[in-house]
Amino acid sequence: MAKVGIVMGSDSDMPVMSKAADILEELGIDYEMTIISAHREPEVFFEYARTAEDKGFKVIIAGAGMAAHLPGMCAAIFPMPVIGIPMHTTSLGGRDSLYSIVQMPSGIPVATVAINGGANAGLLAAKILATSDSQLLAKLKDYKEKLKDQVVAKDAKLQEVGYKNYTK
């Protein structure tokens with residue numbers, strides 16, 4: 001049973017949303033990914049949000065651009081955590097999406113990551129689930145250690161070749 005729902009308003013969001021899915025897969029978390037437009041097919045959207053808990057979702061990751069209603073509307077219906085990913089837009093660089101997600105009214109919170117922050121959304125969902133899953137918590141600790149090792153390796157390369165040759 002999927003623990004995380006990943007929903008986006010358009011397939012143009014797929015490059016960002018796939019980063020959330022990649023993290024969930026790496027950590028062994030089941031998810032379901034869907035494309036639903038809250039504006040173009042509201043009945044389908046309402047059914048998705050109303051049945052998400054019954055499907056076993058513990059967290060929804062919702063990505064949206066421009067007016068970015070998808071995360072907020074998920075939070076209005078789904079009783080558990082919703083993580084919003086604001087999408088970069090050509091007109092306002094994603095600030096429109098960011099403000100639409102982060103400026104939710106009192107009582108309807110949406111956790112919000114950076115513009116195009118798919119990987120962090122996946123990690124935040126995993127951290128939420130890890131509060132009641134010690135095996136997942138151990139995987140997150142290992143993931144963090146891998147990040148540290150990557151930085152150490154990059155510094156070792158810098159010290160070995162110098163900054164002028166680092167990117168060659």
Side-chain angles (χ1 to χ4, degrees), residues 1-133 136-137 139-140 143-144 147:
M1 186 180 299
K3 290 185 177 181
V4 179
I6 299 176
V7 63
M8 65 200 91
S10 170
D11 62 353
S12 64
D13 302 334
M14 189 66 71
V16 172
M17 302 307 285
S18 66
K19 291 176 183 175
D22 290 343
I23 292 289
L24 296 175
E25 285 182 14
E26 183 176 343
L27 295 170
I29 299 169
D30 293 329
Y31 66 90
E32 176 186 296
M33 186 181 284
T34 310
I35 299 170
I36 299 174
S37 172
H39 296 117
R40 294 181 187 95
E41 49 184 2
E43 296 85 8
V44 174
F45 165 74
F46 284 120
E47 182 66 16
Y48 172 85
R50 273 196 301 264
T51 61
E53 183 180 5
D54 294 337
K55 290 180 189 174
F57 294 177
K58 303 296 182 199
V59 181
I60 291 177
I61 299 172
M66 298 166 45
H69 289 116
L70 195 58
M73 288 304 298
C74 283
I77 299 168
F78 181 66
M80 288 182 267
V82 174
I83 302 167
I85 305 175
M87 295 294 158
H88 184 272
T89 58
T90 54
S91 56
L92 296 173
R95 288 183 306 278
D96 47 349
S97 312
L98 174 64
Y99 293 154
S100 292
I101 297 171
V102 78
Q103 289 295 106
M104 289 299 296
S106 181
I108 313 293
V110 175
T112 310
V113 296
I115 295 168
N116 285 355
N120 273 352
L123 285 166
L124 182 55
K127 287 181 174 201
I128 291 167
L129 295 172
T131 62
S132 61
D133 183 334
L136 179 55
L137 181 59
K139 289 179 185 180
L140 280 166
Y143 180 87
K144 187 175 180 183
L147 293 178

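The basis for the numbers below is simple: all heavy atoms, side chains too, and nothing from hydrogens, waters or symmetry mates.
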To the closest 0.5 Å, what do you measure between CD (Glu25) and CG (Asp30)? 10.0 Å

Inspect the surroundings of CE in Met66 and state if more than 12 heavy atoms from other residues, nucleotides or ligands are less than 6.0 Å away. no

Find the distance between OG (Ser132) and CG (Leu137) and round it off to the nearest 0.5 Å. 10.5 Å

Nearest-0.5 Å distance, CE of residue Met73 to NE2 of residue His39: 9.0 Å

Distance check, rounded to the nearest 0.5 Å: Ile36 atom CD1 versus Ser10 atom OG? 13.0 Å

With heavy-atom distances below 4.5 Å as the criterion, would you say the side chains of Arg40 and Phe45 are in contact? no

Quick one: does any side-chain atom of Glu47 pair with a main-chain N or O of Glu43 as donor and acceptor, under 3.5 Å? no

Test item: Lys58 and Ile128 side chains (from C-beta on) under 4.5 Å apart, heavy atoms: no

Taking atom CD of Glu53 and atom OG1 of Thr51, what is their separation to the nearest 0.5 Å? 10.5 Å

So do Ser97 and Ile115 actually touch side chain to side chain, heavy atoms under 4.5 Å? no

Find out whether Leu123 and Tyr143 are in side-chain contact, i.e. whether some heavy atom of one side chain is under 4.5 Å from a heavy atom of the other. yes

Check whether any side-chain heavy atom of Leu27 sits under 4.5 Å from a side-chain heavy atom of Leu129, and report yes or no. no

Quick one, Tyr48 and Glu32 - any side-chain contact, counting heavy atoms below 4.5 Å? yes

Smallest separation among heavy atoms of Cys74 and Ile60, with atom names: SG-CG2, 4.2 Å

Nearest-0.5 Å distance, NZ of residue Lys19 to CE of residue Met14: 13.5 Å

Would you name the heavy atoms of Ala75 and Val110 that are closest together and state the gap between them? CB-CG2, 3.5 Å

Would you check if Glu26 and Lys139 make a side-chain contact, meaning some heavy-atom pair closer than 4.5 Å? no

Over all heavy atoms of both residues, which pair between Met17 and Val7 is shortest? Give the atoms and the distance, please. CE-O, 3.5 Å

For the residue pair Val4 and Ala125, what are the closest heavy atoms and their distance? CG2-CB, 4.4 Å

In short, Ala20 meets Ile61 closest at the heavy-atom pair CB-CD1, 4.1 Å

Ile85/Asp13 under side chain to side chain contact (heavy atoms under 4.5 Å, CB included): CA gap, chis, key distance, verdict: CA-CA 10 Å; Ile85 305 175; Asp13 302 334; over 6 Å; no

Shortest non-hydrogen separation from Ile108 to Ala76 and the atoms involved: CG2-N, 3.7 Å

Quick check against the 3.5 Å criterion: does Thr112 have a side-chain atom that pairs as donor or acceptor with the backbone of Gly84? no

